Amino acid sequence: MKFLTAAIIAFSATAFAGHHEHKMEEMKKMPFEQHKQMMQEKLDKKAAMVEEGKTCVNNAKDKDALMDCHEKMMDEKHAMKEEMKSKMKDMKKKM
C-alpha cells in the first residue's frame, strides 16, 4: 500500500511538472506586451478578490457567514482560473 501511494505521488508530481513546463513554453511564445497585460489583469482581479474577501470576513457575524465567505472566494477563484484558461486557448489560436 505504501508503495502504491508513493508511486501515485511520484507520478502526480512529474505530471504536474511537465504541465507547468509546457505552460511556461506557451508563455514564452506570447508577445511581451500581451503577456504583461494578461498578468496585470490577473493581479488586479486577485487583488479585488482579496479585498472583497477581507470585507466579507470582517462583516461575518458567525461561523456560517464565515463559511459563506470562504465558499464565495473559492467560487471566484475557480471562475477566474477558467477565464484565464479560456483566454490562453484564444491566444493559442491567434499564434
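FYI, the numbering just counts along the sequence from 1. Bear in mind the structure is a predicted one, so any value in this text is a computation, not a measurement. No hydrogens, no waters, no symmetry mates; every other heavy atom, side chains included, goes into these values.
Pairs passing the disulfide bond (SG atoms under 2.5 Å apart) check and including a residue from residues 28-59, sequence neighbours excluded, read C56-C69.
The nearest pair of heavy atoms linking M84 to M38 is CE-O, 4.0 Å.
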Steps toward side chain to side chain contact (heavy atoms under 4.5 Å, CB included) verdict (M80, K42): CA-CA 8 Å; M80 187 175 95; K42 187 174 181 179; 3.9 Å; yes
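Side-chain atoms of T55 come within 3.5 Å of backbone N or O of E51 as a donor-acceptor pair.
Of the residues listed (E76, Q40, K77, E83), the one engaging K45 in a side-chain contact (heavy atoms from CB on, under 4.5 Å) is E83, and it is the only one.
Heavy atoms of other residues, nucleotides or ligands lying less than 6.0 angstrom from NE2 of H35 number more than 12.
Looking only at side-chain heavy atoms (C-beta outward), K85 and K89 stay at 4.5 Å or farther from each other.
Atom CG of D75 is separated from atom NE2 of H70 by 10.0 Å, given to the nearest 0.5 angstrom. For the atom pair CG of L66 and CG of N59, the computed distance is 11.5 Å after rounding to the nearest 0.5 Å.
Applying the side-chain hydrogen bond (donor to acceptor under 3.5 Å, both in side chains) rule to Q37 yields the partners E41; only residues at least two apart in sequence or on another chain are considered.
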